Asker: 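Dumping the structure here so I can ask a few things about it.
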Amino acid sequence: MKRWKLHMYGFMGKILRVNLTDGKTSVELLCEDDLRKFLGGRGLAVRLLYRELGRGVDPLGADNKLVFSVGPLNAIGVPGDTRFVVAGKSPLTGIWGEANCSGWFADGLKKSGYDVLIVEGASESPVYLWINNGNVEIRDARRLWGKWTFETESIIKDEVRERGVAVAAIGPAGENLVKYAAIVHTAHRAAGRTGLGAVMGSKKLKAVAVKGDKEVKVADPEKIRELGKKIAAETLTNPITRLLRDYGQAGFVPDLQSQGILPTRNFRSGVFEGADKISGQNMAKTILVRRDACPRCPVACKRVVEVKDGPFAPVSPEYGGPEYENVASLGSLLGIEDLNAVCRMNMLCNAYGLDTISTGVSIAFAMECYENGILTKVDTEGLELAFGNAKAAVEVVRKIAYREG
Ligand code: SF4
């Protein structure tokens, strides 16, 4: 098999493998054929898991593997080069599971010297991984178990005493093996889909912390710099990215409403009478504290909101603010037009480590069942789970994370 060659720019050429059952770690060279045939972090994850996962693997068993991967365009210094992939067999679907997330983690993993981290086996007690410029430690995380994601990140950053550390962590939902638990980074970015947070929980892996400053070699650094400038310039003039910058992804709500495709009341309608209230435009006028950006990105589509008073306070800025998927799944899909309530649910999902989309869709389905008498107050433990009941929806988010009821 043809192995890694130094002339393959854009890759670090290495896999870090960590076995949590026996605590062994190893470094392997990536195969050049795989790098050429299976593009990007996603392609590599597909290739490796297809090769390594046997038939009938239990997604929440020690035999499942969790891959964190990056591709040749990550960490090369252009806007949009920050997304990393997480993949494994999904506990939600029982088949291929994949999620991706922006932020600082891709930089940290790649500049630490790895294109891929494979986590296999399962620890007996909670641990986290600390990957620092190629070195890896499996550290005790018992005191982190049960903590929300922001607190988890903060404690780990204090503990490792390094600057520029990126953390991907689970919250109580992943620990409790909720099948759509997310892996959360910076407390408001998430590899949310397909329940890979539960796979981390099943391995008793609370978090992965990365930091690196190795050089990512590219074939023509000058061309890459030019490309970065061109992308940034176009980004600042393109009307779509300008809308994203001004109002975030939730700025698309009015357009979707006018096209009749805003998911409403468990998809029974595409038009929501409260659309303006949950839009990014209204967010900008009311509770927006600031915009936030991933490294090197001029778009700054991320929102940071704060709610200090009222029935849905607190909404803390550490947990960011909702994007389109969040205001749709936790707002219009539930018939909820109170933006503060939507933001509170969004914050709780980020804190508990829940996928906002699957959470909202599940609650919407339950609300329709309630409306049709299939679920009653006996099932909901007294909650009036009607469309539009924001207080009930907030409580259900908590119940999902802690698997109550
Ligand atoms: S700020 Fe928004 S557009 Fe820019 S990289 Fe992050 S998620 Fe993507």
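A quick note: this is a predicted structure, and the numbers were derived from the prediction, not measured. In listed order, ligands and their atoms are each counted from 1.
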Asker: Is Met367 close to Asn266 at the side-chain level, that is, under 4.5 Å between some pair of heavy atoms?
Answerer: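 The answer is no, as the side chains (C-beta and beyond) never meet within the 4.5 Å cut-off.
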Asker: Of all the non-hydrogen atoms in the protein, which one sits nearest to atom 7 (S) of ligand 1, and at what distance?
Answerer: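 Residue, atom and distance for the closest contact: Cys301 SG, 3.6 Å.
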Asker: Do the non-hydrogen side-chain atoms of Lys110 and Asp115 ever get within less than 4.5 Å of each other?
Answerer: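 Touching, per the 4.5 Å side-chain cut-off.
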Asker: At less than 4.0 angstrom from any non-hydrogen atom of Cys297, what atoms of ligand 1 do you find?
Answerer: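 By the 4.0 Å cutoff, the relevant atoms are 1 (S), 3 (S), 4 (Fe), 5 (S).
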Asker: Given the side-chain rings of Tyr324 and Phe252, with only the six-membered ring counted for Trp, is the space between their centroids under 6.0 Å?
Answerer: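 No - the distance between ring centres of Tyr324 and Phe252 does not fall below the 6.0 Å cut-off.
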Asker: So Arg268 and Phe387, do their side chains get closer than 4.5 Å, heavy atoms only?
Answerer: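 With C-beta onward as the side chain, the pair touches.
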Asker: Tell me whether ligand 1 is touched by Ser102 - counting only heavy atoms on the residue side and a distance under 4.0 Å.
Answerer: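 A heavy atom of Ser102 does come that close to ligand 1.
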Asker: Tell me, which protein residue and heavy-atom name are nearest atom 6 (Fe) of ligand 1, and how many Å apart are they?
Answerer: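 For atom 6 (Fe) of ligand 1, the nearest protein heavy atom comes out as Cys294 SG, 2.3 Å.
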Asker: Tell me, which protein residue and heavy-atom name are nearest atom 8 (Fe) of ligand 1, and how many Å apart are they?
Answerer: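 Ranked first by proximity to atom 8 (Fe) of ligand 1 is Arg83 NH1, 4.4 Å.
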Asker: Can you confirm whether or not the ring centre of Tyr352 sits under 6.0 Å from the ring centre of Tyr402?
Answerer: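 Between Tyr402 and Tyr352, which both carry aromatic rings, the centre distance is below 6.0 Å.
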